[in-house]
Every structure is written in structure tokens, then in C-alpha cells.
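Heads up: the structure comes next, in C-alpha cells.
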Amino acid sequence: MTSARFDRRPYAGAEDLRAMQDLAGRLWSPGATWHVGDPAGERFQHTGRQHGR
């Protein structure tokens, strides 16, 4: 079995959001606890309030 390699880097904008939504869509199943819209909601839910968190 091969292990996946993941690179971590700061969020870089709309292209990254689209990639996260694509991944969520590919992994979604009827029993999933997430939705393709979750990456955008989670990414932007605290916009403008980052310093208070």
C-alpha cells in the first residue's frame, strides 16, 4: 500500500477554494457529514473577525 503525500501551504485564493470544493464533491456520499459548500463556509465564516478569535 502506498501512502499519499500532502503538501501544506497557506490558502492562496479562489483556485484553492475550487480545488477544495472539487475534493469535497468527489468524496461526498449520502452518509457524509459535509457538503460541497462547506469549504467556502468554513473558509469565510470569520472574515473580518480573525483578530478576535
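Because the structure is predicted, anything quoted here is derived from the model rather than measured.
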For Asp7 and Arg5, what are the C-alpha separation, side-chain angles and deciding distance, and is it a salt bridge (charged side-chain N to carboxylate O under 4.0 Å, His left out)? CA-CA 7 Å; Asp7 294 320; Arg5 181 170 177 260; 3.1 Å; yes
Please report the closest heavy-atom contact between Leu17 and Tyr11, naming both atoms and the distance. CB-OH, 3.4 Å
Which atom of Asp38 lies closest to which atom of Thr33, heavy atoms considered: OD2-O, 4.4 Å
Does Arg26 come within less than 4.0 Å of Asp22, counting only side-chain N to carboxylate O? yes
